[in-house]
Amino acid sequence: QVQLVESGGGLVQAGGSLRLSCAASGRTDSDSAVGWFRQAPGKERRFVGGIRWSGGNTNYADSVKGRFTISRDSAKNTDLQMNSLKPEDTAVYYCAVSRVLRNSFTYVPAGDRDYIYWGQGTQVTVSS
């Protein structure tokens with residue numbers, strides 16, 4: 001089992017920045033990825049970006065490329081740095097840990113079905 005706790009959400013004006021953190025505990029596997037997803041009211045949950053714990057390879061949704069950056073540390077904590085925030089970035093943000101990905105050292109899945117452990121989510125609201 002893996003437990004995930006997100007933190008760092010809040011209210012920010014358009015153009016501002018926020019940094020979300022995801023603390024992982026339990027039986028983690030270095031051949032997994034940590035993904036960040038978001039869900040706006042009335043919309044489906046969507047992939048934001050992800051990172052491999054081993055190697056640090058990343059994958060980002062087109063909507064956040066150049067604005068969001070994901071990083072991880074040796075303690076299996078993952079951060080999502082969000083810059084140049086827009087009102088359309090408003091959503092509940094979730095971190096998640098994927099299934100073990102032994103077939104590739106670089107693959108970071110974007111589908112939520114590849115992720116098996118989820119945090120409780122943190123609200124991000126961007127005002128215009």
Side-chain angles (χ1 to χ4, degrees):
Q1 284 288 341
V2 176
Q3 294 78 43
L4 301 169
V5 178
E6 302 101 336
S7 61
L11 173 65
V12 64
Q13 288 188 331
S17 299
L18 275 178
R19 189 176 185 91
L20 306 184
S21 294
C22 176
S25 60
R27 297 186 63 182
T28 59
D29 192 300
S30 60
D31 285 330
S32 296
V34 176
W36 285 91
F37 292 77
R38 66 186 181 186
Q39 188 167 21
K43 296 188 176 181
E44 294 183 351
R45 185 167 57 191
R46 292 192 178 276
F47 177 74
V48 174
I51 189 168
R52 290 294 295 263
W53 263 326
S54 179
N57 197 58
T58 55
N59 182 22
Y60 294 96
D62 288 343
S63 59
V64 306
K65 280 181 181 176
R67 300 189 298 124
F68 291 11
T69 303
I70 297 173
S71 60
R72 89 274 189 252
D73 63 24
S74 59
K76 299 291 177 70
N77 298 313
T78 307
D79 287 346
L80 174 65
Q81 177 67 42
M82 304 185 293
N83 299 328
S84 302
L85 283 162
K86 305 174 182 179
E88 51 264 42
D89 293 319
T90 295
V92 177
Y93 283 71
Y94 300 88
C95 67
V97 170
S98 77
R99 58 180 174 82
V100 175
L101 304 165
R102 298 207 196 280
N103 289 337
S104 169
F105 294 115
T106 59
Y107 174 57
V108 179
D112 59 1
R113 293 183 178 183
D114 285 306
Y115 292 83
I116 55 177
Y117 300 107
W118 292 82
Q120 81 289 351
T122 186
Q123 177 70 47
V124 171
T125 303
V126 184
S127 63
S128 56

How long is the span from the CH2 atom in W53 to the OG atom in S30, to the nearest 0.5 Å? 9.5 Å
Working to the nearest 0.5 angstrom, can you tell me the gap between T78 OG1 and D73 CG? 7.5 Å
For the atom pair CG (D31) and CZ (R52), what is the distance rounded to the nearest 0.5 Å? 6.0 Å
Nearest atoms (heavy-atom pairs only) where P109 meets L101: CD-CD1, 3.7 Å
Could you tell me whether K86 and D89 have a side-chain N and a carboxylate O separated by less than 4.0 Å? no
Shortest non-hydrogen separation from N57 to V108 and the atoms involved: O-CG2, 3.4 Å
ILVMFWY network linking V97 to V92, side-chain heavy atoms under 4.5 angstrom: no
Can you name the side chain to side chain contact (heavy atoms under 4.5 Å, CB included) partners of R27, sequence neighbours left out? none
Taking it one step at a time, do V64 and R38 satisfy side-chain contact (heavy atoms from CB on, under 4.5 Å)? CA-CA 12 Å; V64 306; R38 66 186 181 186; 4.1 Å; yes
Side chains of Q81 and D79: is there a donor and an acceptor less than 3.5 Å apart? no
So, does D29 use its side chain to make a donor-acceptor pair with the main chain of V100 at under 3.5 Å? no
State the NZ-OG distance between K76 and S25, to the nearest 0.5 angstrom. 11.5 Å
With sequence neighbours left out, which residue pairs that include part of residues 36-128 fulfil the disulfide bond (SG atoms under 2.5 Å apart) condition? C22-C95
Where I70 and W36 come nearest, the two heavy atoms and their spacing: CD1-CD1, 3.8 Å
Please check: side-chain N/O of R67 versus main-chain N/O of S84, any donor-acceptor pairing under 3.5 Å? yes
Which word best sums up how the rings of Y93 and F68 line up, parallel for under 30°, tilted for 30 to 60°, or perpendicular for over 60°? tilted
Hey, can you tell me if F37 and W118 have their rings parallel, tilted or perpendicular (30° and 60° cut-offs)? tilted
Tightest non-hydrogen contact, residues E6 and Q120, listed as OE1-OE1, 2.8 Å
